Number of protein chains: 2
Amino acid sequence: MTQTPSADAPADPVGFGRHDHASCIADGLAEAEARCAAKGLRLTPVRRKALEILLQEHRALGAYDMLDRLRAAGFGSQPPVAYRALDFLVAGGFAHKIECLNAFIACAHPGARHTPAFMICRTCEAVAEAQAAPARGSLGKAARASGFAIERTVVEAEGLCPACQGGAEGGAGDGAGA
Amino acid sequence: MTQTPSADAPADPVGFGRHDHASCIADGLAEAEARCAAKGLRLTPVRRKALEILLQEHRALGAYDMLDRLRAAGFGSQPPVAYRALDFLVAGGFAHKIECLNAFIACAHPGARHTPAFMICRTCEAVAEAQAAPARGSLGKAARASGFAIERTVVEAEGLCPACQGGAEGGAGDGAGA
DNA sequence: GCTTGTCATGTTATCTTATATCATTTAAAC
DNA sequence: GTTTAAATGATATAAGATAACATGACAAGC
């Protein structure tokens, strides 16, 4: 079931479009280190490793998948190990939880105060993060009309990414252009 | 955007504020019966009871809460009993799943083909359903820009309902009650 | 009436996701 | 170096969800 990308795929099929994935990881870690230093947060080894694991894929990872990988990296092997690291990353804005998958993904816009929205491919499981402004649309209108005070929003769209449309739905195909 | 309060909301967010709750239940059941008859779906006793249970509250119910109530009503007591009834209701558009709560709620606009959005009070747990148009806002823009084809959206807002703002957070107002 | 196919239900078992709790260790502050 | 707070390790269990199979209800066809 596992598709282990990034092992031998030169161009990552995930993330909707090609990009310099190595810099995704390096930049994400550097950004997290800088922000933790600035805010007095402690990016401990297990937390750093968890973030690195998330950054390796543009897809959401379940807590137990994370746990497996942390264990493989020599960290503890009980659920709280993964959940605590993930909680830290989410609280610090370095990762997000995808509610409809019960899974976690590295934040694509760390540092920015933002309201994330996610596009989730149901075939290849790639996830792209966009900015949402739900409070400005019909939801915001309904909230104002009813007096509801929005504190946090969850916006997730499930569908097909460019590579998985048009019959190439097996996903993961290298040659799949847009 | 327009900020006209309360006057022009096309679909009122049932759940916050007082209303004839008895008719919520009666109307919901009648609507479901009519739509099942029209579509050849079977609203069996356990399914009907599950819908009635959901309609009794403007808040989300976990599958195991549902199971408890179904058991109390004389139906089976194993998880699939609740999950099957809930699956039927969700598939038929009579109920929705609130992803960030892992819980279920009766649809407030049955019959209408719609993209629901939810406002969830973190204090009293009341949930109101509104209409969303996520594909028209920044999410839709991002989807078009990246070539992502949206099939389903999850839009949920967590915050405080009118009754729970301003110190009266015990849910004293009980806007959804009786 | 009986058979057959289909859908729904009951039940067992198991799997996945998540948290409470307490002991121990590490890092930092003094 | 001692104190203190935070982080980690480990055990146990709660909560959410599904797979698999047996039984039952009911309509269609013989």
Side-chain angles (χ1 to χ4, degrees), chain A residues 1-2 32-33 36-51 53-54 59-92 94-105 125 154 156, chain B residues 32-33 36-37 39-51 53-54 59-92 94-105 120 125 154 156:
Chain A
M1 173 194 165
T2 324
E33 269 163 11
C36 283
K39 294 165 66 179
L41 299 173
R42 293 169 55 188
L43 191 62
T44 61
V46 65
R47 292 167 175 175
R48 191 180 195 281
K49 185 64 185 179
L51 177 57
I53 288 167
L54 287 183
R59 73 191 61 217
L61 217 56
Y64 282 72
D65 283 342
M66 172 62 74
L67 181 56
D68 287 344
R69 300 189 195 203
L70 289 176
R71 170 169 35 216
F75 296 95
S77 61
Q78 299 305 313
V81 170
Y83 282 102
R84 287 196 282 233
L86 289 166
D87 285 350
F88 171 84
L89 296 175
V90 169
F94 307 116
H96 299 291
K97 181 173 187 184
I98 309 290
E99 296 289 348
C100 72
L101 298 178
N102 293 320
F104 300 83
I105 190 164
E125 297 182 301
V154 172
E156 300 168 2
Chain B
E33 268 163 11
C36 282
K39 294 164 67 178
L41 299 174
R42 293 170 57 188
L43 190 63
T44 61
V46 67
R47 292 168 176 175
R48 190 179 195 282
K49 185 65 185 179
L51 177 57
I53 289 167
L54 288 183
R59 50 186 276 265
L61 219 56
Y64 281 68
D65 283 342
M66 172 61 75
L67 182 56
D68 287 344
R69 301 188 194 203
L70 288 176
R71 171 169 35 218
F75 295 95
S77 61
Q78 299 306 313
V81 170
Y83 282 102
R84 287 197 281 234
L86 289 167
D87 285 349
F88 171 85
L89 295 176
V90 169
F94 307 116
H96 300 291
K97 181 174 186 182
I98 309 289
E99 296 289 348
C100 71
L101 298 178
N102 292 319
F104 301 83
I105 190 164
I120 304 155
E125 297 184 301
V154 172
E156 299 168 3

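Note that the structure is predicted; figures quoted are calculated from it, not measured.
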Nucleotide dT19(C), atom P - distance to CZ of F88(A) in whole Å: 18 Å
Non-hydrogen side-chain atoms of H96(B) and L89(B) separated by less than 4.5 Å: no
Closest non-hydrogen atom pair between E125(B) and R59(B), with its separation: O-CB, 3.2 Å
Atom pairs under 3.5 Å: protein N/O with N/O of nucleotides 11-16 of chain D:
unit_1, atom_1, unit_2, atom_2, d
dG16(D), N7, Y64(B), OH, 3.3

Separation of dA25(D) C1' from F75(B) CZ (nearest whole Å): 15 Å
Nearest-nucleotide 5' precedence on DNA chain C, D87(A) against V81(B): V81(B)
Heavy-atom pair with the smallest gap, counting every atom of R42(A) and F88(A): O-CZ, 3.6 Å
Atom-to-atom span, CZ of R71(B) to P of dG10(C) - whole angstrom: 13 Å
Rounded distance [0.5 Å steps], NZ in K49(A) versus OG1 in T44(A): 13.0 Å
L61(A) CG - dT17(C) C1' separation (whole Å): 14 Å
Interatomic distance, N102(A) atom CG to E99(B) atom CD [nearest 0.5 angstrom]: 7.5 Å
Donor-acceptor pair, side chain of E156(B) and main chain of C100(B), under 3.5 angstrom: yes
Rounded interatomic separation in angstrom, taking CG from D68(A) and P from dT16(C): 10 Å
Stretch residues 40-50 of chain A: residues that reach within less than 4.0 Å of DNA chain C through a heavy atom: R42(A)
Trace of the side chain to side chain contact (heavy atoms under 4.5 Å, CB included) decision for I105(A) with K97(A): CA-CA 6 Å; I105(A) 190 164; K97(A) 181 173 187 184; over 6 Å; no
Protein-nucleotide distance (R84(A), atom CZ; dG9(D), atom C1'), rounded to Å: 7 Å
Identify each donor-acceptor pair in which a side-chain atom of residues 67-87 of chain B lies under 3.5 Å from a protein atom, sequence neighbours left out, and give them as a table.
unit_1, atom_1, unit_2, atom_2, d
D68(B), OD1, R71(B), NH2, 2.7
R69(B), NH1, E57(B), OE2, 2.6
R69(B), NH2, E57(B), OE2, 3.4
R71(B), NH1, S77(B), O, 3.4

Separation of F94(B) CZ from L54(B) CG (nearest 0.5 Å): 12.5 Å
Atom-pair distance (CE on M66(A); P on dA18(C)), nearest Å: 13 Å
Spacing of L86(A) atom CG relative to dA7(D) atom P, expressed in whole Å: 15 Å
